[in-house]
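Report on the following structure.
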Amino acid sequence: MAKVTSILGGILGVVGVLGCCSPQDGPSQANRLNSREPVLQEREKSRRSIDLIEMLPRCEVRHRGIFLDLGTPSVDSLAGWRLGPEPNPSVEREGANWLQVSSHTLTYRFVLQEPQSIFFSARIKSLSGKHVALFLDGKGAGFLPVTRGQSRVSSSAVLSTPVAAGSHTLTLRFAGASREQAGPLAEVDWIRVGFSDEDPSLFAAPTHGDVLQNLASLGDQAHRPLALRVPSTLRCFLAIPGNARFQASLALLGSGEGEVEVRLWEEDQPVQVLKTSRVLGSEKPMWTELDLPLHDHGGKLATLEVNASHGGPGSRLLLGDPRILRGGAPASRVPRARAVVVVVVSSLNPERLPPWAPERPLPTFDALAREGVIFERYRVPSSVVGAVMASLMTGLTPRQHTVEDGFTRIPETLPTLATLARDASVLTAMFSVHPATSGAFGFARGWDRFVFHSPVSPALGTRPIEDLISWLGERGARAPKGLLAVVHTRGIHPPFDYTPGEFAQLPPHPEQEYSGVLDPRRAGQTLERLRRKKKGSPQRWSDVDNVRLNAAMDGALIQTDRSLSNLIDALRKNGLWKDTLLVVTSDVAGATDPSVLPFASVQELTEEVLRVPLYVRFPGGGHGGERVQVPVSTMDLTATVLLALGLDAAVPVGGEDLFAQVEQGGFPTERAQVASLGEKVAVRWGNWRLVARDGVAPHLCEVTVDPRCEHNRAERMPELTQALWRQAYEYEQQGRPPAFQRPKREPATLDPETSAALNVWGN
């Protein structure tokens with residue numbers, strides 16, 4: 001044992017393995033938007049591989065049980081069902097990060113894959129009492145003896161009965177503080193859920209600093225490794241890319257022969273052993289290469305496990321540069337565009353459009369489906385129109401740009417598409433008829449030309465497209481650095497562009513006198529008034545009204561289709577069409593349930609509201625007619641616009657090139673998509689959807705078999721629930737320091753004109 005320890009210590013000292021540190025936080029999103037650093041190589045690298053070392057805070061290292069390294073990001077999302085920041089600060093003590101506990105309880109979740117006989121242990125410095133009470137799932141589970149003022153590792157007795165498989169909560173309750181005592185009650189380094197079939201004297205805490213190493217040079221090769229004390233298991237929940245391979249370099253520090261098993265575990269499925277490798281320990285260990293194809297598992301949401309199960313006493317497995325490589329050739333970037341035109345047609349649901357509704361007479365949308373690319377899995381980040389449009393303008397999530405309701409403007413400090421393009425001498429314009437994107441909400445800033453038509457005026461809902469066509473005739477040929485135009489049309493949202501006589505001829509039947517409540521100009525106000533009626537009071541809304549409303553929306557959509565055709569003709573006439581990036585999408589989809597009154601200003605975070613159509617015609621017409629299943633977001637749309645204009649350095653973190661996404665291909669599980677509204681966060685990952693709220697157990701459903709998410713499967717699918725919850729938690733943290741310096745929320749000033757516009761709109 002002494003010899004082994006000496007060899008191990010010598011190797012670690014020479015190669016510098018123990019001089020580890022956590023990855024540094026990257027620059028804030030706002031700083032990245034203003035930086036000039038190259039980003040394309042970084043994006044291509046992240047697209048081509050999943051680095052398990054960078055992913056370590058999302059993974060779990062098990063060593064003789066389940067280990068919670070407090071004071072590090074790896075366990076913050078496991079603290080109860082909390083989405084907010086850790087209320088207890090982290091302090092550095094004795095070369096480790098400790099959690100300084102001021103609350104009387106700490107609660108963490110953990111998952112057992114099978115029934116286990118367990119005990120609990122922790123490294124604690126008590127500042128108030130002589131013991132810490134333990135509770136498992138709310139029931140007493142023993143005590144941890146502590147010594148006031150001293151750091152101590154203590155353990156409970158093994159529980160009398162095995163604990164069932166599934167998700168559990170462990171609560172530590174700190175007692176003994178006097179009423180006069182102020183300040184922290186204890187400091188906790190780590191907590192362990194130990195398995196009873198082991199020798200406690202062999203345990204060595206696998207803290208973040210112990211596992212994550214800087215560099216290991218063995219022979220003539222150097223790798224950045226994870227150091228796993230045998231026996232240990234690295235567990236990472238992820239989406240397996242297509243044509244993927246798992247690669248790593250293996251070495252055993254210590255004596256004997258080590259065994260490494262790579263396994264894949266899907267919830268409700270048996271564990272699959274993908275490969276077993278043997279690694280020899282020696283005084284001069286060398287790297288052994290592991291290259292494992294994952295072709296048969298592409299598109300699956302699964303837990304990848306690397307299990308170091310054998311080795312000499314005190315030995316460690318070094319897992320050098322572990323990564324999952326995605327197959328296929330590197331993807332190209334979006335071609336450079338002379339003109340970028342983004343048309344946002346309000347309130348569109350894909351089921352109203354070709355190719356989802358081929359029977360509808362919409363020739364321009366049909367042509368876009370044939371000649372452009374359809375992103376089937378496009379999903380907006382909020383159910384509030386202003387929030388979605390602010391994300392388009394900034395490339396930020398609603399939590400970051402702060403426009404999360406109908407009463408907030410885009411902060412002046414945030415760069416937008418308009419200001420970034422203007423600073424690059426790109427000609428810019430925005431035309432809107434939607435009150436949510438008027439000047440009162442900060443959307444006028446930075447454009448060379450900005451025009452807003454209030455719905456109070458008799459202007460057509462497609463007037464922004466007509467304005468753009470006129471502007472192209474004036475300025476299109478005089479834009480040497482390119483041009484950018486964003487239009488926000490009324491779409492199928494009231495008020496409708498019908499005369500009373502035209503409206504009377506709409507279905508249900510022209511010969512039958514319509515006696516319903518709808519009026520073409522006041523339809524939005526009428527629907528809002530009906531929504532505000534008290535529960536139980538009679539609503540003058542019938543199936544006849546639904547028929548009339550749908551007919552009015554169909555007519556508005558036909559008019560939009562004609563206007564889009566005129567726009568494309570104008571781009572051709574001005575010699576721009578070949579080199580135009582044309583995007584046609586929507587802001588927030590309208591509810592299709594006939595029992596729900598449509599066009600509410602704030603809708604729930606349902607899938608039918610968040611999923612909107614996205615047609616993209618790339619410069620040169622590349623990939624025309626393709627329908628892509630890779631999940632994409634509004635932030636990706638912003639990134640693509642900036643890349644097409646050559647503004648590479650302005651692309652915000654998190655946004656991806658849509659053209660590269662088409663070329664690379666992938667599965668619906670490729671990325672998690674997150675949306676927020678108030679305190680709610682909705683995560684869609686593949687066919688699974690989780691709704692999270694701070695302090696509340698989440699709701700998990702499989703939308704393909706349960707579209708209305710009526711059945712909560714969170715308890716049955718604990719590993720999956722934990723993975724999606726972590727996505728929601730990380731989304732919240734992305735909007736907080738130090739990851740992002742969130743600007744101060746700026747309330748919009750609702751002058752009489754803006755208030756009148758909102759009123760006519762039905763808000």
Side-chain angles (χ1 to χ4, degrees), residues 38-52 54-55 236-247 291-302 304 322-337 340 369 371-379 395 581-583 585 611 613-648 651-674 684-687 727:
V39 296
L40 293 180
Q41 290 184 353
E42 177 185 341
R43 291 176 182 279
E44 180 59 27
K45 179 182 176 182
S46 64
R47 188 183 298 117
R48 299 286 297 165
S49 67
I50 301 173
D51 188 333
L52 297 191
E54 297 300 323
M55 192 180 172
C236 299
F237 188 95
L238 43 78
I240 308 296
N243 299 318
R245 307 186 72 85
F246 174 60
Q247 294 182 347
D291 189 345
L292 179 61
L294 301 175
H295 304 159
D296 296 338
H297 308 283
K300 294 182 178 178
L301 291 174
L304 181 72
R323 59 197 179 277
I324 294 176
L325 296 181
R326 182 176 187 171
S332 303
R333 58 165 292 165
V334 61
R336 182 68 183 269
V340 175
E371 301 172 19
V373 178
I374 293 176
F375 291 86
E376 300 264 16
R377 297 268 176 161
Y378 179 59
R379 194 172 185 266
L581 172 68
L582 174 63
V583 176
T585 186
R611 177 176 169 258
L614 176 60
Y615 304 82
V616 180
R617 191 269 185 189
F618 291 107
H623 299 287
E626 294 191 28
R627 299 176 70 170
V628 180
Q629 297 296 324
V630 177
V632 295
S633 71
T634 304
M635 288 67 77
D636 300 328
L637 183 52
T638 308
T640 306
V641 167
L642 291 168
L643 290 169
L645 291 170
L647 305 179
D648 302 5
V651 176
V653 174
E656 294 290 344
D657 182 350
L658 292 176
F659 191 84
Q661 294 289 320
V662 178
E663 293 210 329
Q664 193 72 66
F667 298 96
T669 56
E670 199 77 13
R671 303 161 73 192
Q673 296 168 291
V674 187
R684 174 76 185 267
W685 202 352
N687 292 331
Q727 295 283 346

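Remark: D657 CG to D648 CG distance equals 9.5 Å, nearest 0.5 Å. Here CD of E54 is found 13.0 Å from CZ of R323. Values are rounded to the nearest 0.5 Å. From R333, atom CZ reaches atom CG of L643 across 5.0 Å, with rounding to the nearest 0.5 Å. A distance of 5.5 Å separates CD of Q629 from CZ of R377, quoted to the nearest 0.5 Å.
In this structure, the side chain of E670 does not engage the main chain of V630 through any donor-acceptor pair within 3.5 Å. Put simply, the side chain of Q673 gets close to the backbone of V632: a donor and an acceptor are under 3.5 Å apart. With S49 contributing its side chain and D51 its backbone, the two residues share no donor-acceptor pair below 3.5 Å.
The two residues V651 and A639 have their closest heavy-atom pair at CG1-CB, 3.6 Å. The two atoms that bring P613 and T585 nearest to each other are O-OG1, 2.7 Å, heavy atoms only. Closest non-hydrogen pair, R336 versus A644, comes out as CD-O, 3.0 Å. When all heavy atoms of R326 and G242 are compared, the closest pair comes out as CG-O, 3.8 Å. Residue I324 comes nearest to F246 through the heavy atom pair CG1-CD1, 4.1 Å, listed as atom of the first residue, atom of the second, then distance. Across every non-hydrogen atom of T669 and G686, the tightest pair is CG2-CA, 3.8 Å.
You'll find the side chain of H295 reaches within 4.5 Å of the side chain of R245, heavy atoms only. Counting only heavy atoms from C-beta outward, the side chains of R671 and E656 approach each other to under 4.5 Å. Proximity of T640 to F659: side-chain heavy atoms (C-beta onward) are nowhere separated by under 4.5 Å. Looking at L304 and L52, their side chains come closer than 4.5 Å, going by heavy atoms from C-beta outward. With contacts defined as side-chain heavy-atom distances shorter than 4.5 Å, the pair R684/R611 does not qualify. The closest side-chain heavy-atom distance from I374 to V628 is not below 4.5 Å. Side-chain contact between W685 and P631: absent, with no pair of heavy atoms (C-beta onward) separated by less than 4.5 Å.
With F375 as the partner, the side-chain contact (heavy atoms from CB on, under 4.5 Å) test is satisfied by one option alone out of L637, V616, D636: V616.
By the side chain to side chain donor-acceptor pair (under 3.5 Å) test, Y615 is found to be paired with no residue, residues two or more places apart in sequence or in another chain being considered.
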